[in-house]
Amino acid sequence: MDNLLQVKHLYARAGFGLRFDEKSTAGNLSVKHAIAGLFKTSENPQPITIVKDNADYSMLVKGDKEQKKQFMQLQRQQEKDLNMAWLNFMSTTDAVLREKMTLFWHNHFACRSRQSEFAQQLNNIQRQHALGNFRELVLEVSKSPAMLQFLNNQQNRKGHPNENFARELMELFTIGRGNYTEQDVKESARAFTGWGFDKDGKFITRPFQHDNGEKTFLGKTGNLTGEDIINRLLEQKQTAIFISTKLYKYLVNEVPNPAHITAMADVFYRGNYEIKPLLEFVFTAPWFYDPQNTGNLVKSPVEFLVGLNRQFYISYQRPEVLLQFQKVLGQVLFYPPNVAGWPGGRNWIDSSSLMYRLKIPSTILNGGLIDFTGKADPEEEAYIAATRNQQQQVNARVQAQVDWDKLMKTIPAGINNQQIAAFLLQPPVSKTLAAELGNAPDIKTAIIQTVSTPEYQLC
């Protein structure tokens, strides 16, 4: 694999793809320097603060019917605003590695919250620690009001322990299923009694609700606290293996390679759960660039939409259309299907979602129409004539603008359609697509044809 292909693969996995305007610079970088650049641009986390004021939730209880209606409308609008703010930030930021990892942790610590300021706070915690220390990340997530509320730890009290959070902390967030007992769940739940948040969404410990009795968890006995439980879980190397496996499937290949994952876990465990050295190990590993690990992962719906936005400088007069796209593709930010998150991988694709995925690029880039006017096939000409009116309707509904002038200035002179496709796609250009591109009348048509293929769904 030549240098440009390696850097292109790196940007596809550590970010949301390489743009044409980055091509010449990236092609002259060594992989080592490209990795350093990704970390450099992601050094300083920028929190999202679209939701600034805590809503008065007493209105849900005390307010009249009209007040409750207004409150619910405000909440729905805040949910939309937060979703759009993050999607827009991913589409425009230079800190692509931090946002790619924030997206990973967003799914790893899957959580729904009706209170948008809590969801925003959790998202910013994940962003703050996305490239930092996993121990600190777990602790801060565990203390966030969104997670405490979602997994019922607000109701976890001495004498009446609620096991929900304790169970998911082990099963989904750290050590993984099969590496603890039901008794460990019960003892862990006791350790987290009294953890909650106040009316302002601040973490608090409630001493009179905490169980101070002796507990035995994973073989360790004492008056264990929530922090003790988290530390004990991270003392188990199985936690490093569990996280490394998920990261491998996210960044490398859906099919785990035990030898590679063991090497990752060694780096993670010995490095006291620092995330940056683990990622550097993955991105510099020769196997990361092996052919079997390139162009083989299905883009999540969010990665797909963000990649389009970034590559083609897309703006939307009706940004909420991106929320509609998320819904039809099966991934709405801040709204995972359950605490296990989105299953990902090949699960992103079914017959319905693939149809939408293939249609969305032309919908956004060309008002729903792939322009085949350079061909003389009468059937295709009839199809084009029949869809002209539909194109106007799509334009009115989607209202997306592509900065084609800016894009064309970034495309090197003399580049042919097949070379454009080779840059836009991670898998090799198929013979069928190469033949179709040979008949494309212009670069714009070639681009739209390329991003409307199944191969564009892969990274």
Participant: Between V31 and T284, is any pair of side-chain heavy atoms under 4.5 Å apart?
Facilitator: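 No, every pair of side-chain atoms sits at 4.5 Å or beyond.
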Participant: Can any side-chain N or O of Q238 pair as donor or acceptor with the backbone N or O of T174 at less than 3.5 Å?
Facilitator: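 Here the side-chain-to-backbone pair does not exist.
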Participant: Could you give me the CA-CA distance, side-chain angles and deciding distance for D290 and N293, then say whether side chain to side chain donor-acceptor pair (under 3.5 Å) is met?
Facilitator: CA-CA 5 Å; D290 282 349; N293 293 330; 4.7 Å; no
Participant: If we ignore hydrogens and angles and just use 3.5 Å, is the side chain of Y289 paired with the main-chain N or O of F283 as donor and acceptor?
Facilitator: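 Such a contact is found between Y289 side chain and F283 backbone.
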Participant: Output, in order, the C-alpha distance, side-chain angles, deciding distance and verdict of side chain to side chain donor-acceptor pair (under 3.5 Å) for Q292 and N296.
Facilitator: CA-CA 7 Å; Q292 66 265 31; N296 63 314; over 6 Å; no
Participant: Can you tell if the side chain of L103 reaches within under 4.5 Å of the side chain of L333, non-hydrogen atoms only?
Facilitator: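 In short, these two side chains touch, coming nearer than 4.5 Å.
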Participant: Which donor-acceptor pairs under 3.5 Å do the side chains of residues 405-416 make with protein atoms, sequence neighbours left out?
Facilitator:
unit_1 : atom_1 : unit_2 : atom_2 : d
T410   : OG1    : L407   : O      : 2.6
N416   : OD1    : Q418   : N      : 3.1
N416   : OD1    : Q419   : N      : 2.7

Participant: Does a sphere of radius 6.0 Å around NZ in K444 hold more than 12 heavy atoms from other residues, nucleotides or ligands, not counting ones at 6.0 Å or beyond?
Facilitator: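 Atom NZ in K444 is crowded, with more than 12 foreign heavy atoms closer than 6.0 Å.
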Participant: Does Q120 reach the main-chain N or O of I50 with its side chain, forming a donor-acceptor pair under 3.5 Å?
Facilitator: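 Side chain of Q120 to backbone of I50, a donor-acceptor pair under 3.5 Å: yes, one is there.
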Participant: For the side chain of T239 and the backbone of L233, is there at least one donor-acceptor N/O pair under 3.5 Å apart?
Facilitator: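 It does hold such a pair.
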Participant: We want to know whether Q115 and Q149 form a side-chain donor-acceptor pair, criterion being a heavy-atom distance below 3.5 angstrom.
Facilitator: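 Q115 vs Q149: donor-acceptor pair found between side chains.
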Participant: Hey, is the main chain of V339 close enough, under 3.5 Å, to the side chain of E168 for a donor-acceptor pair?
Facilitator: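 Flag not set: sc E168 to bb V339 has no pair under 3.5 Å.
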Participant: To the closest 0.5 Å, what do you measure between CG (L425) and OG (S430)?
Facilitator: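 Nearest 0.5 Å value for the CG-OG distance: 8.5 Å.
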Participant: Could you tell me whether a side-chain N or O of R98 sits under 3.5 Å from a main-chain N or O of N44, the two making a donor and an acceptor?
Facilitator: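 Not confirmed, R98 side chain does not pair with N44 backbone.
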Participant: Using 30° and 60° as the class limits, which term best fits the ring planes of H108 and F104: parallel, tilted or perpendicular?
Facilitator: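 Parallel.
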Participant: For the backbone of N153 and the side chain of N162, can you confirm whether one donor and one acceptor N or O come within less than 3.5 Å of each other?
Facilitator: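 Absent.
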Participant: Ignoring hydrogens and angles, tell me if any N or O in the side chain of Q154 forms a donor-acceptor pair with the backbone of F197 under 3.5 Å.
Facilitator: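 At least one qualifying donor-acceptor pair exists.
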Participant: What class does the angle between the rings of W86 and H106 fall in, given that below 30° is parallel, 30 to 60° is tilted and above 60° is perpendicular?
Facilitator: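 W86 vs H106 ring planes: perpendicular.
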Participant: When rounded to the nearest 0.5 angstrom, what distance separates CG in L279 from CG in L97?
Facilitator: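 Answer for the CG-CG pair, L279 versus L97, is 6.0 Å.
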Participant: My understanding is that only one of R346, K246, K249 makes a salt bridge (Lys or Arg N to Asp or Glu O under 4.0 Å) with E254; could you say which?
Facilitator: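 Considering R346, K246, K249, a salt bridge (Lys or Arg N to Asp or Glu O under 4.0 Å) with E254 is found only for R346.
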Participant: Using a 6.0 Å cut-off, check whether atom OH of Y356 has over 12 heavy atoms from anything other than its own residue.
Facilitator: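 It does not: Y356 OH has 12 such atoms or fewer within range.
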Participant: Other residues, nucleotides and ligands only: do more than 12 of their heavy atoms fall within 6.0 Å of CZ on F89?
Facilitator: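 More than 12 within 6.0 Å, yes.
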Participant: I'd like to know if the side chain of S42 reaches the main chain of F39, judged simply by a donor and an acceptor atom lying under 3.5 Å from each other, with no hydrogens or angles considered.
Facilitator: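 Looks like no, no N/O pair under 3.5 Å.
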Participant: Could you walk me through whether E79 and R114 pass salt bridge (charged side-chain N to carboxylate O under 4.0 Å, His left out), step by step?
Facilitator: CA-CA 8 Å; E79 289 170 3; R114 290 179 306 144; over 6 Å; no
Participant: Check the pair S91 / N88 against side chain to side chain donor-acceptor pair (under 3.5 Å), numbers first and verdict last.
Facilitator: CA-CA 5 Å; S91 299; N88 180 63; 5.7 Å; no
Participant: Does the gap between the ring centers of W348 and F304 come in under 6.0 Å?
Facilitator: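 W348 vs F304: aromatic centres not under 6.0 Å.
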Participant: As a test of understanding, state which of I447, I364, D403, I448 forms a side-chain contact (heavy atoms from CB on, under 4.5 Å) with F312.
Facilitator: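 Output: one option passes, namely I447.
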Participant: Is it the case that N83 and Q326 place a side-chain donor and acceptor less than 3.5 Å from each other?
Facilitator: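 A donor-acceptor contact under 3.5 Å links the two side chains.
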Participant: Please determine if R19 and D21 form a salt bridge, counting it only when a charged side-chain N lies under 4.0 Å from a carboxylate O.
Facilitator: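 The answer is yes: the pair qualifies as a salt bridge.
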Participant: Checking K299 against F16: charged group under 6.0 Å from the ring centre and within 45 degrees of the axis?
Facilitator: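 The answer is no, since K299 fails at least one limit relative to F16.
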Participant: Does any N or O in the side chain of K100 come within less than 3.5 Å of the main-chain N or O of M90, such that one atom is a donor and the other an acceptor?
Facilitator: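 No: the side chain of K100 does not pair with the backbone of M90.
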Participant: Between the side chains of R167 and E171, is the shortest nitrogen-to-carboxylate-oxygen separation below 4.0 Å, so that they form an ion pair?
Facilitator: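 Salt bridge: no.
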Participant: Would a line drawn from the ring center of W105 to the ring center of F134 be shorter than 6.0 Å?
Facilitator: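 Ring centroids of W105 and F134 are less than 6.0 Å from each other.
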